[in-house]
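Notes follow the structure.
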Number of protein chains: 2
Amino acid sequence: MIFVGIVEDDDQIRKSIQDFLNRQNGFQCNWSFNSIESLLPNLKAEVLPQVLIMDLGLPGMSGIDGMKIIKERYPQIDLVVFSVYNDPQKIFDSLCAGATGYLLKNTPLEEIKSGIELLVSGGSPMSPQIARKVVEFFASRGKREITSPLSAKEKEIVVGLVDGLSYKLIADRLTISIETVRFHIKSIYRKLHVHGKAEVISKSLRGEI
Amino acid sequence: MIFVGIVEDDDQIRKSIQDFLNRQNGFQCNWSFNSIESLLPNLKAEVLPQVLIMDLGLPGMSGIDGMKIIKERYPQIDLVVFSVYNDPQKIFDSLCAGATGYLLKNTPLEEIKSGIELLVSGGSPMSPQIARKVVEFFASRGKREITSPLSAKEKEIVVGLVDGLSYKLIADRLTISIETVRFHIKSIYRKLHVHGKAEVISKSLRGEI
DNA sequence: TAAACACCCCCATGTTTATGGGATTGAATC
DNA sequence: GATTCAATCCCATAAACATGGGGGTGTTTA
């Protein structure tokens, strides 16, 4: 038996999902609330839902803030977002807040059911659009390094800077003179149009090198 | 009709997928290779597969390096990884290299088919285990800020450092004296156990603050 | 073969940081 | 009502950094 809760301010949607799940074998959906504020006092450590279906656009506290609180208090609950929003910001904020699934509101009831089953078996149900956006997040992190204007040695120097080493220590690490380190750093500043190692470190860690 | 290619060094697996797809309505799988090296010379801009199923553990060039090359030359091809590996590093490297899907080798043929259909319709097929690991990547980015030892003001100073500002400019931005900036930075260094702004910037951008 | 570039080293000068001291105020905790 | 603590300022010094010059050596390439 999978115990499910739902937080959704649209009564019709909420009841429709709840009724549907309660008609399925192996499902029981007794937690049903229209806001985070009304849900929280009703969560007791003894009897918790395994899965919480969460709307994002709620009256009062947002679904994202709500998920942060819930995950902090009851990390064992699996949260699955159920929202109309498909913009990357909402998606990433939700995942960072602790959601392990993200279904758009146009998801058929049957797929909500299989999504929940997937969730409790260790998967992460996501609407196709959502999964694609999540994947694209990584793709943007990968397209680089072809255009980096820095030479191999200069990149090594940058690594030293990011590690917080002084010129002297970078020189030791690369077994070159501190003067050579200085020379390279001048080149790096010129090529990157920056004027201090702080900016180099920032650019580097943002993947802009 | 969906045109599919496959790069897989295990002849049996490759042929089995190829034959299966060719038996399906709307599928044609004519590109079939056992290494990146043998695939590349056979990709011509005029006739490209829409989808390439890629093994990771290939003889010669790795699937990940191969995907980088393919995506650079033919960004319109959708790549879906087909591998036994389910460790986070392989997953993230693949996604960064341009994969838009990631199926484990235990995926049934029918699901490979529906995965490809999902792919061309704008989704991202992922085995449940894989999707979960991708989602967990974001979750780890979210659990923070409760334990940050820095005061509100100190965090503002850190932002200034990350932006590459000098003490003077930070002082101006926050309309306080440069001496106060110095004082705060001393506190920050003490609290974070670091000895230079480089380390502060690194920690900050890594989400460790 | 000359230009271009990566890489190596040295010097000088001024600025910025790191680190130690110290002092005062106000808000919060106890 | 004492203590704690963030926040504000001041001073001093040594170390690290930024920036400008000046030399060289190799390798690649047009």
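Chain A is the first sequence line, chain B the second, and so forth, proteins listed ahead of strands; every chain is numbered from 1.
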Worksheet item: Once you round it to whole Å, what is the distance between C1' of D/dC9 and CD1 of B/Ile157?
Response: 13 Å
Practice prompt. Let me know, please, whether B/Phe183 or A/Arg182 comes out on the 5' side of the other along DNA chain D by nearest nucleotide.
Written response: B/Phe183
Discussion item. Treating B/Ser127 as the side-chain partner and B/Ile130 as the backbone partner, does any N or O pair qualify as donor plus acceptor under 3.5 Å?
Written reply: no
Worksheet item: Is any side-chain N or O of A/Lys186 closer than 4.0 Å to OP1 or OP2 of D/dG20?
Response: no
Discussion item. Could you check whether A/Glu8 pairs with A/Lys105 (Lys NZ or Arg NE/NH1/NH2 to Asp/Glu carboxylate O, under 4.0 Å)?
Written reply: yes
Practice prompt. Flag the pair B/Glu154 and B/Lys186 as a salt bridge only when some basic side-chain nitrogen lies within less than 4.0 angstrom of an acidic carboxylate oxygen.
Written response: no
Item to complete: Could you state the atom-to-atom distance from CD1 of A/Ile185 to P of C/dC8 in whole Å?
Response: 13 Å
Worksheet entry | A/Lys153 side-chain N/O to C/dC8 phosphate OP1/OP2 under 4.0 Å | yes
Discussion item. Working to the nearest 0.5 angstrom, can you tell me the gap between B/Arg132 CZ and B/Asn86 CG?
Written reply: 13.5 Å
Discussion item. So, does B/His184 get its side chain near the phosphate of D/dA6, meaning an N or O under 4.0 Å from OP1 or OP2?
Written reply: no
Worksheet, complete the sentence: From CG of B/Leu150 across to C1' of D/dA6 the rounded distance in Å is 13 Å
Worksheet item: Starting at NZ of A/Lys155 and ending at P of C/dA6, how long is that distance when rounded to a whole Å?
Response: 11 Å
Discussion item. Reading DNA chain C from 5' onward, which residue's closest nucleotide shows up sooner: A/Glu179 or A/Lys191?
Written reply: A/Lys191
Worksheet item: Do side-chain atoms of B/Ser121 reach the backbone of B/Glu117 as a donor and acceptor pair under 3.5 angstrom?
Response: yes
Discussion item. Here's a test for you: under side-chain contact (heavy atoms from CB on, under 4.5 Å), which of A/Thr180, A/Ile157, A/Asp172, A/Val181 qualifies with A/Tyr167?
Written reply: A/Val181
Fill in: Touch class at under 4.0 angstrom, heavy-atom based, for B/Tyr189 against every strand present
sugar-phosphate
Item to complete: For A/Thr180, report the nucleic acid contact type (base, sugar-phosphate, nothing); a contact means any heavy atom under 4.0 Å.
Response: base
Discussion item. When you measure from the side-chain N and O atoms of B/Ser151 to the phosphate of D/dA7, is any distance below 4.0 Å, counting only OP1 and OP2?
Written reply: yes
Practice prompt. Name every residue in residues 160-175 of chain A that has at least one heavy atom under 4.0 Å from any atom of DNA chain D, in order of residue number, or write none if there are no such residues.
Written response: A/Ser166, A/Tyr167
Worksheet entry | Between C1' of C/dT16 and CD1 of B/Ile201, the distance in whole Å | 14 Å
Worksheet item: Relative to the ring of A/Phe3, is the ring of A/Trp31 parallel (under 30°), tilted (30 to 60°) or perpendicular (over 60°)?
Response: perpendicular
Worksheet item: Rounded to whole angstroms, how far apart are CD1 on B/Ile176 and P on D/dA6?
Response: 15 Å
Worksheet item: C/dC7 P sits how many Å from A/Glu154 CD, rounded?
Response: 6 Å
Worksheet item: Starting at NE2 of B/His195 and ending at P of C/dT19, how long is that distance when rounded to a whole Å?
Response: 6 Å
